[in-house]
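Below is one structure, written out as structure tokens; the observations come after it.
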Amino acid sequence: MDFGFTAEQISFKESIERFALEVIAPRAAAIDESGAFPVDILKAAAGFGLLGVTIPSQRGGAGRDYLSYVLAIEAVARVSATVAVSLVVTNSLVAELIAHAATNAIHEQWLRRLASGEAIGAFALSEPGAGTDAANQQTATADGGAYRIKGRKVWVANAEAASVAVVFASTRPGLRQKGITAFLVPLDGPGLARTSRADSLGVRGLGCMDLDLDIIVGADHVLGAVDEGFPLAMWALQGGRVAIAAQALGIGRAALDQAIAHAKTREQFGKPIATYEAIQWMIADIVTELDAARMLMWKAATMKDRGEPGIIESSMAKLAASEAAHRAADKAMQVLASAGYRRGSVVERLFRDARAAEIYQGTSEAQRMIIAKHLGDLVI
Ligand SMILES: Cc1cc2nc3c(=O)[nH]c(=O)nc-3n(C[C@H](O)[C@H](O)[C@H](O)COP(=O)(O)OP(=O)(O)OC[C@H]3O[C@@H](n4cnc5c(N)ncnc54)[C@H](O)[C@@H]3O)c2cc1C
């Protein structure tokens, strides 16, 4: 597979690297420390084409391909994993899903706002009893011309500042994935409460909240067809997983940067620790595993650009990248030793941030289940 990047892809990546270094990096530690959602950074990101990245320009988006998008997400995650995953949620799980499945009226109403930063999107699939088993939706609906949606959604990233959410609910109880509908729900209406901001270990500042819903939405707020929302959730998550792979690789890359910088400057036994084979091998393992996962991530993004199914490839990319990032942060911690174990060190933050990528948008076990189920579809 050819990964010869175009001049345009490289120049976009470089512009995002500058934005990440100049605007996001100086705030990354404070976002983690306070857990406050960085709404101003999300809005500033719009000016750099980081919102509505793959949405066509005639709909107000940046009209870029998936490969450009994931290059940008990795660059952002290298300085802030939180900002990167927030961008992934509003881009992949909301704007792309609207562009894929909504009516023209919803396109007109939301895509420009999501691409300009006027609106931020959230994706509400998980429930207290529906995590990995996402088809076990208990949020119920009653149809009477309009839909009454009643239930609780948990761990909704971006919810703190989002104006709109894709909400999944059971329209045919008992039918699991065959009876779930996706609704586009503005978050400023009556009957909706945002509760209990999660005090999470990592990716702090992601604005994760629970949503308590007892709302009425019109049939014109259905995304795609009634009862066909579950495949839409899987479609959105497939793109999201490629982008989460990029996010994980940004974390891993930052861990590599930290390990190399420390190894060159820290002296023990009269020499920089970088001269010791034990340290060199840890760094060699980090770089090898990250690069292998990056190839899978670029392959999955390229397949998305070509309109190929890529279900197994996106799960492989997320699985490999999130586990490689975890090991990279772990090894970087070993290279820095006490300097990394200190609260407030960059490696300590990376160590906590990396862990979440093995959980959200499907755990590593969920990815292995998908890979095993779709083995026959693998494109080699
Ligand atoms: C930081 C963060 C942000 C999130 N953001 C969002 C969001 O924006 N929107 C949203 O809808 N959700 C979100 N989530 C929820 C996330 O998608 C779920 O946490 C995830 O799907 C796992 O569900 P669970 O936590 O209920 O774990 P469970 O499903 O209870 O799983 C517990 C363990 O059992 C394993 N397991 C479960 N079933 C099987 C099986 N059949 N075979 C083998 N192992 C199995 C799991 O892999 C895991 O190890 C977020 C979570 C976090 C931590």
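Computed from a predicted structure; not experimentally measured. Note that ligands are numbered from 1 as they come in the structure, with each ligand's atoms numbered from 1 the same way.
- A perpendicular orientation is assigned to the rings of F168 and F123, their planes being inclined by more than 60° (bins at 30° and 60°).
- Looking at V167, T363, T132 and measuring to atom 28 (P) of ligand 1, the nearest heavy atom belongs to T132.
- Taking only nitrogen or oxygen atoms, main chain and side chain alike, F123 reaches within less than 3.5 Å of ligand 1.
- The local environment of CD in E33 is sparse, with at most 12 non-hydrogen atoms from other residues, nucleotides or ligands closer than 6.0 Å.
- With a 4.0 Å cut-off on non-hydrogen atoms, M369 touches ligand 1 through its side chain and not its backbone.
- Each of the atoms 11 (O) of ligand 1 lies under 4.0 Å from some heavy atom of L125.
- A pairwise comparison of heavy atoms in E17 and A75 identifies CG-CB, 3.8 Å as the closest pair.
- The shortest separation from a heavy atom of I359 to ligand 1 is under 4.0 Å, placing the residue in contact.
- In terms of heavy atoms, L336 sits closest to Q258 at CD1-O, 3.7 Å.
- For the pair R64 and F12, the cation-pi test (distance below 6.0 Å, angle within 45°) is passed.
- In terms of protein heavy-atom proximity, atom 17 (O) of ligand 1 is closest to S126 OG, 3.5 Å.
- Of all protein heavy atoms, the one closest to atom 26 (O) of ligand 1 is G131 CA, 3.4 Å.
- With a 4.0 Å cut-off on non-hydrogen atoms, C208 touches ligand 1 through its side chain and not its backbone.
- Using a 4.5 Å heavy-atom cutoff, the side chains of V242 and S314 are in contact.
- Residue V154 shares its hydrophobic cluster (ILVMFWY side chains chained together at separations under 4.5 Å) with W155.
- Counting only residues at least two apart or on different chains, the side-chain hydrogen bond (donor to acceptor under 3.5 Å, both in side chains) pairs with a member in residues 221-233 are T171-D227.
- Across E365, Q367, R355, heavy-atom proximity to atom 47 (O) of ligand 1 is greatest for E365.
- In this structure, the protein non-hydrogen atom closest to atom 1 (C) of ligand 1 is Y360 CD2, 3.6 Å.
- Among protein heavy atoms, atom 8 (O) of ligand 1 sits closest to A157 N, 3.0 Å.
- Atom 34 (O) of ligand 1 is never approached by the protein to below 4.0 angstrom, counting heavy atoms only.
- Within a 4.0 Å radius of atom 40 (C) of ligand 1, the protein contributes one or more non-hydrogen atoms.
- Using a 4.0 Å heavy-atom cutoff, A356 is absent from the residues neighbouring ligand 1.
- Enclosure of atom CD in Q334 is not indicated, since only 12 or fewer non-hydrogen atoms of other residues, nucleotides or ligands lie within 6.0 angstrom.
- Nearest protein heavy-atom neighbour of atom 13 (C) of ligand 1: W155 O, 3.0 Å.
- Side-chain atoms of E348 come within 3.5 Å of backbone atoms of G344 as a donor-acceptor pair (strictly under, hydrogens ignored).
- Remark: atom 20 (C) of ligand 1 lies closer than 4.0 Å to at least one protein heavy atom.
- W298 does not carry K304 over the face of its six-membered ring by the limits of under 6.0 Å from the centre and within 45° of the normal.
- Note that atom 11 (O) of ligand 1 has protein non-hydrogen atoms nearby, at separations under 4.0 angstrom.
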